[in-house]
Amino acid sequence: MNGVAIAIGCSFLDRARLLAQAADYPPALTGLRGNYPAAVEPFEALQRGAYRQFPALDTDTHEEYDLVIVGGGISGLAAAYFWQKALGATEKILILDNHDDFGGHAKRNEFQYNGRTFIGYGGTQSIATPYPYSYTAKRLIEELGIQVERNGEFAARDAFQKLDLGPAMFFDKEHFGEDRLVAGNGRLPWPEFFAKAPLSEAARKDLIRLYGKNPDYMPGLSVEQKTAKLASISYQDYLLNFAKMRPEALPFFLGQGGRNNKRVDTTPALEAARRGSVGFNGLGLTFEEEFRESSYTFHFPDGSASIARLLVNRLIPSAMPGKQTMETIVQAPLTYARLDDPKSAVRIRLQSAAVRLEHDGAPEKSRSVRVAYVRGGKVHGVRGRHCILACYNGLIPSIVPDLPARQKEALAYPVKVPMMYNNVLIRRWTAFQKLGASTINAPGMYHTNTGLDPGTTIGGYRGVTTPEEPIIVRMVRNPNKPGMPRREQNRIGQQELLSMSFHQFEVEIRRQLGRMLGAGGFDPAADIVGITVNRWPYGYAYTYDTLGDPDVPPEERPHVIGRQRFGRITIANADAGAAAFTNQAIDEAQRAVQELFVHEGLT
Ligand SMILES: Cc1cc2nc3c(=O)[nH]c(=O)nc-3n(C[C@H](O)[C@H](O)[C@H](O)COP(=O)(O)OP(=O)(O)OC[C@H]3O[C@@H](n4cnc5c(N)ncnc54)[C@H](O)[C@@H]3O)c2cc1C
């Protein structure tokens, strides 16, 4: 039932009760989530220019706030926290968000099955230290009571080690001639692994060569010349034209790439080399050790939704009473109906898409900003003495058309990265056990990465440890269009996600799990008990690279020009940092708050 995980093992009455509860409690909703259709519907009219003139209000709420924040993600919530901390708990703050849940990318997914709750993450996975968190971001995490260094106490991943499960690759018949799952990539010696894979002799030879000790594929060039050349070509170019890999081996690399979902054709070869990708170890280049995304330090079962929930606990205690800690937050009940309580100084108004902001008078002299937002198909109005746009920066030119032309052009430059984190509850994972796999990389398939998510045992919530238990399987897709420039690929991927129905996604999920796990006895019809599709056409913030973006001084980067204060409006969100992590969402919130303080002389 639209992905509902309660069809099996529940009576009709139980089912009706659980569905009704889910409506009041968005994390329990399954089916099409993430940037779900109703949430992004107002963006169409917005981008068409329907609100170029400030719209007539259907309802003037006559509400006035010290601060109106657009966007209830980590950045918007952190901005409210910093503001309140500096100016006091009586400051009136309104946070508007177009979704039915707060947190932005940091979203929680829940499934109920056979009387047990399974918690997963719909977006942000982890607090990814040792990535360089700023003092501000570290301090906020500490103030929320999260001790990242305690991660080892809670992680449930040793369940896989005990069963000797590890990475596997699925070779599909469309790209490799037959469907075959081969476990052991990265664990077996590579010649042994490739011997088991359905590859032509020539492709196998090439891959064994690349995964071994390489000769210098750029002879005659100095280190500086090599570095410059690698920065100007893609990893794919390097493999084909310098390492002379045969094109028939390329499908093996289709699911691999650089940071922020860049692929083999959009990853600069220099970035691939820095990440330790194969083919470069004979070039004589040395790099400083880089942050690796997988080296996360702290993971809640709902990912960073727990950060968002802790922020809400501090901002609106009536919605989640008692001072919650890192151990209690996962199970702490939250009353969504109290998020927008007139008695609370801070209010979060969900399902409310801001469509137009306008100063009362000239921006530098005005005393307030009018804000129009769409809720339930009607235009509502509020006023803020200050405003922070912690929403997608690419939409800001449509929301504030009075911005200077250069700023609007800069804000429109980046294209957010389309992504999908799909969560599938299965009734047991014995098929994974039989196949020896805990994660599967499938370079040619719809979802390139699939993995078991055992959760975290923390504060009374129990992660999954045995293959007979139900578990969440997380399937990742990054839609793209190889061969095009990266921003164009992002645009096409975004359209793909926006145009597909839940049913179409469900078919892809069932078909792929059936093909990859069939040999282990997996039966999609019997084994899948719930599906939540988290589609993020507006995913990661755009980041620059040496292939797709002009090499300009840092202060001339589009995100810097785009995030300038405009009268009483400042701009936050990870987009404003051109970096796609939680810490930047926090840093940009702090900057946006500071800019208003400095402008107004408030502190
Ligand atoms: C699938 C996925 C996995 C990730 N994993 C990690 C990870 O493991 N670690 C990590 O550090 N980072 C991760 N990130 C990145 C991280 O989640 C983001 O950088 C961070 O959460 C961004 O927060 P934000 O508040 O800036 O933006 P968002 O989370 O996008 O929040 C902005 C909010 O504003 C709302 N909004 C937009 N327009 C309007 C409007 N007109 N009116 C009202 N509201 C509006 C949006 O709907 C959204 O709710 C991940 C991101 C994704 C998508």
Side-chain angles (χ1 to χ4, degrees), residues 2-3 22-24 26-27 29-59 61 68-73 76 94-107 109 122-123 336 339-340 348-357 371-382 389-401 411-412 415-422 479 490-506 531-539 573 575:
N2 197 25
D24 296 332
L29 289 169
T30 54
L32 189 45
R33 301 291 293 158
N35 295 132
Y36 61 87
V40 292
E41 197 192 86
F43 293 172
E44 273 176 50
L46 186 61
Q47 284 167 311
R48 250 191 293 116
Y51 302 101
R52 218 165 277 139
Q53 300 298 323
F54 198 92
L57 301 179
D58 296 307
T59 306
T61 64
V68 174
I69 298 173
V70 178
L94 175 68
I95 301 172
L96 298 169
D97 197 283
N98 54 321
H99 292 90
D100 57 14
D101 201 353
F102 59 86
H105 295 152
K107 282 276 175 3
N109 285 174
Y336 275 76
L339 289 177
D340 192 7
I348 299 178
R349 192 160 296 163
L350 297 169
Q351 299 178 75
S352 302
V355 291
R356 185 73 162 87
L357 265 67
V371 179
Y373 63 91
V374 172
R375 188 165 210 265
K378 297 258 190 298
V379 182
H380 295 63
V382 295
L389 291 170
C391 55
Y392 309 145
N393 283 197
L395 290 177
I396 292 176
S398 307
I399 301 175
V400 194
L411 285 163
V415 185
K416 285 173 90 66
V417 181
M419 309 163 70
M420 270 210 286
Y421 272 20
N422 297 333
N490 287 356
R491 260 189 217 106
I492 292 169
Q494 207 167 67
Q495 283 315 310
E496 179 196 305
L497 293 190
L498 287 169
S499 67
M500 282 178 68
S501 66
F502 173 72
H503 176 67
Q504 289 169 306
F505 291 127
E506 180 181 12
I531 298 176
T532 301
V533 168
N534 293 287
R535 68 159 197 195
W536 299 109
Y538 306 99
N573 193 290
D575 288 348

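These numbers come from the heavy atoms of this one structure, side chains and all, not from hydrogens, waters or symmetry mates. Small disclaimer: the values here were computed from a predicted structure and weren't measured.
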Test log, rule side-chain contact (heavy atoms from CB on, under 4.5 Å), inputs Y51 and V374: CA-CA 11 Å; Y51 302 101; V374 172; 3.6 Å; yes
Evaluate the criterion side-chain contact (heavy atoms from CB on, under 4.5 Å) for residue pair I348 and L94; output intermediate values, then yes/no. CA-CA 6 Å; I348 299 178; L94 175 68; over 6 Å; no
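Taking both residues in full, the closest heavy atoms of D97 and G73 are given as OD2-N, 4.1 Å, listed atom of the first, atom of the second, then distance. M419 and G539 get closest at one heavy-atom pair: SD-CA, 4.1 Å. Between P55 and V379, the closest heavy-atom pair is CG-CG1, 3.9 Å. Among all heavy-atom pairs drawn from P537 and L497, the shortest one is N-CD1, 3.8 Å. Contact detail for V415 and R491: the closest heavy-atom pair is CG2-NH2, 3.5 Å.
Checking N534 against N422 by side-chain atom types alone, no donor-acceptor pair falls below 3.5 Å. Between the side chains of R349 and Y373, a donor-acceptor pair is found at a separation under 3.5 Å.
With rounding to the nearest 0.5 angstrom, the CD1 atom of I531 is 11.5 Å from the CG atom of L32. Distance CG/D340 to CG/L350: 8.0 Å, rounded to 0.5 Å. Between the CD1 atom of I69 and the CG atom of L96 there is a distance of 9.5 Å, given to the nearest 0.5 Å. Here the CG atom belonging to L411 is positioned 10.0 Å from the CD1 atom belonging to I399, to the nearest 0.5 angstrom. Residue M500 holds its CE atom at 10.0 Å from CZ of R535, rounded to the nearest 0.5 Å.
At least one donor-acceptor pair under 3.5 Å links the side chain of T61 to the backbone N or O of G381. Using a distance-only test at 3.5 Å, with no hydrogens or angles considered, no donor-acceptor pair links the side chain of H105 to the main chain of W536. Remark: side-chain polar atoms of H380 are paired, donor with acceptor, to backbone N or O of K378 under 3.5 angstrom. Judged by distance alone, with hydrogens and angles left aside, the side-chain atoms of R356 form a donor-acceptor pair with the main-chain N or O of R52 at under 3.5 Å. Looking only at distances, no side-chain donor or acceptor of Q494 sits under 3.5 Å from a matching main-chain atom of P418.
Pairs passing the salt bridge (charged side-chain N to carboxylate O under 4.0 Å, His left out) check and including a residue from residues 33-45, sequence neighbours excluded, read R33-D100. Listed by first and then second residue, the salt bridge (charged side-chain N to carboxylate O under 4.0 Å, His left out) pairs that reach into residues 492-502 are R477-E496, sequence neighbours excluded.
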I'd like a table of donor-acceptor pairs (distance under 3.5 Å, sequence neighbours excluded) in which one partner is a side-chain atom from residues 390-398, with atom names and distances.
| residue | atom | partner | partner atom | Å |
| --- | --- | --- | --- | --- |
| Y392 | OH | N35 | ND2 | 3.0 |
| N393 | OD1 | A576 | N | 3.3 |
| N393 | ND2 | C391 | O | 3.1 |
| N393 | ND2 | A572 | O | 3.3 |

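Counting only heavy atoms from C-beta outward, the side chains of Y336 and F102 approach each other to under 4.5 Å.
Among residues two or more places apart in sequence or in another chain, the side-chain hydrogen bond (donor to acceptor under 3.5 Å, both in side chains) test is passed with N98 by none. In this structure, the side-chain hydrogen bond (donor to acceptor under 3.5 Å, both in side chains) partners of S501, at least two apart in sequence or on a different chain, are Q504. With sequence neighbours left out, N573 forms a side-chain hydrogen bond (donor to acceptor under 3.5 Å, both in side chains) with no residue at all.
Note on D101 versus K107: no salt bridge recorded, every NZ/NE/NH1/NH2 to OD/OE distance being 4.0 Å or above.
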